[in-house]
Amino acid sequence: MNRGRHIRDNLMTVVFTAAGWIAIVFIALIFLFTFKEALPVFNAKDLHEFFVKAQPEETMEMRYIWQPVSDEPKMSFIPLILGTLKATFVGMLFACPIGVAAALFSSEFAPPKLREFIKPVIELLAGIPSVVLGFFALLVLATWLQSAFGFTYRLNAWNAGLALGIALLPVVFTISEDGLASVPRTYREASLALGASRFATAWKVVLPAAMPAVFASFVLAFGRAIGETMILLMAGGNAAITSFHLGDPLRTLSATIAAELGEVVFGDPHYSALFMMGTLLFVITFVSNSTGQWVIGRMQKRMQGTA
Amino acid sequence: MKVGRVVFALALLSAACGGREAKPRITIKGSDTMVILGQRFAEEYMKRNPGIVIQVNGGGSGTGIAALINGTVDLAQASRPMKEKEKADVKAKRGVDVHETRVALDALAVFVNEQNPVTNLTVEQLAEIYKTAPAPWVLYGRDNSSGTYEYFKEHVLRGADFNARTQALAGTAAVISAVAKDKNGIGYGGIAYAQGVRAIAINGVEPTDANVRNGTYPIRRYLYFYSVSTASPELQQYIQWCTSPEGQAVVKNVGYFPL
């Protein structure tokens, strides 16, 4: 009997370890495949072209161009990176404050019945397919925004960012709310006992205590925003323009991959450039997640007094 | 019990795997401009020849041609001629020659919003607009996988770049929808899709049936089928039918111009 149990234990350990390793191996293999396809173009001259080369034009806008199908292909990543950052910025601007405020309301101020209602409803937002959000932004939201703010361009960074924010909201809300709810009751009770109001307690005691979770939700939202494809493809206008103005249309790295990978011949420089973009996205997400994890670890240590 | 469940699962699996169609199948991919025409061709042909299955997909002329080079499709539809380099790629990769067939004539229409007072532009003015994006024009175009994009770039812009502010949309229908919603919008695409917008005259010539066929409308193009020299007899029959009077009647119905 003892021996049987021993064997089963070992077997299950092996199975679980294997399962854990399989996930890591998959990620590594995907990265290697993407990187390998990008490799042909990965030499000093091409890196220079992707990130540094500027056309000899006056305006900032005309200096960095993405126009790979041309007699003289121009493959600068700068407008695409800028587009990705613009959309992410607007999306986070919308989703982070509202998400945290909603989480704070739900965990600190809402009566229990309302909390039971709010949480599943916001999580339902997470279930909306991004193509539907993109479609909604393209047809309806863009018109609303244009009549409210008088934009020259119907499809611009505000439109795409707002739709992206709607997709990010449930991510920020769920994780922040979980963090806030797991702050020990004793913190709240102590604060109230010392005479603080409910608002002061929530804002100055509970929220700081949940900062690791709130920050983690921001990092996850950032990762999601960087990689989001469909919404930005449909609602952003897809103009690869090097502009900081949020009323201008944009084109993101992921939307470019989605729109152009279908037409390239395997092995073309254009093909390798697109895989280079994929690698870049992978690296950005990896670095942001790792940095986020490190910062969260520091916050937690500081909270527990072991930093 | 357990055995029964296993047998049931195996039976389901074999039912899912079995029953493969014995009908010959033709796969077609390519131009979004031609996708509706391609589907209509296929529908009419399948009505007359029920023993064959034809599948038509869009994706852009570039996508179709890339698929022909990679060998993943039987027939590529394109709204631009194949480049010499692309034909050489097919030869290099698949060891066969490309067979080009013209199936229809298309006028590349330039669309403006119905509220826009502009009714005529010269080709040079059109090129300037798309190269410099002067206010208040808001430029809409196609993605770079599109044959329509390439045709416009070659014949209107004469190889120059589109302005960076040109918004790339996925299909002529999307371009028209955007122009219809934007009073400063301008877009280009196949004439068959025009609805809710106005197709302006170019160099003073309206895009009518007569003007396109006699060549006075300056931006017209052929629509092509590309197959390889090792095409099956069913595919060769299909291509022949499309250029026959019956097939050309379909072209007219869809809104393009017969050869």
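Just so it is clear, the values below take in all heavy atoms, side chains as well, and ignore hydrogens, waters and symmetry mates. A, B, ... follow the sequence lines: proteins, then strands. Residue 1 opens every chain.
Atom-to-atom distance recorded for A:Leu138:CG and B:Lys181:NZ is 6.5 Å, nearest 0.5 angstrom. One distance of note links CG of A:Asn238 with CZ of B:Arg142; it measures 12.0 Å at 0.5 Å rounding. Taking OG1 of B:Thr166 as the start and CD1 of A:Ile241 as the end, the distance is 9.0 Å to the nearest 0.5 Å. One finds the CZ atom of B:Arg165 at 4.0 Å from the OH atom of A:Tyr153 (value rounded to the nearest 0.5 Å).
The choice from B:Asp143, B:Leu139, B:Asp182, B:Val138 that makes the most heavy-atom pairs within less than 4.5 Å of chain A is B:Asp143. By number of non-hydrogen pairs under 4.5 angstrom with chain A, the leading residue of B:Ala168, B:Gly159, B:Ser145 is B:Ala168. Interface summary for chain B: among A:Gly236, A:Ala255, A:Ala142, A:Pro249, the most heavy-atom pairs under 4.5 angstrom belong to A:Pro249.
Between the side chain of B:Lys153 and the backbone N or O of A:Val69, at least one donor-acceptor pair lies under 3.5 Å. Judged by distance alone, with hydrogens and angles left aside, the side-chain atoms of A:Gln67 form a donor-acceptor pair with the main-chain N or O of B:Phe162 at under 3.5 Å.
Contacts between B:Asp161 and chain A at a heavy-atom distance below 4.5 Å involve backbone atoms as well as side-chain atoms. Heavy-atom distances place no part of A:Leu233 under 4.5 Å from chain B, backbone and side chain included. Neither the backbone nor the side chain of A:Leu250 comes within contact range of chain B; no heavy atoms are under 4.5 Å apart. Neither the backbone nor the side chain of B:Glu154 comes within contact range of chain A; no heavy atoms are under 4.5 Å apart.
Nearest approach of B:Ala164 to A:Ala240, heavy atoms of both residues: CB-O, 3.6 Å.
By a heavy-atom distance cut of under 4.5 Å, B:Gly62, B:Thr63, B:Ala66, B:Ile69, B:Asn70 are the residues of residues 56-77 of chain B near chain A, going up by number.
Counting heavy-atom neighbours within 6.0 Å of A:Phe282 CZ, excluding the residue itself, gives a total above 12.
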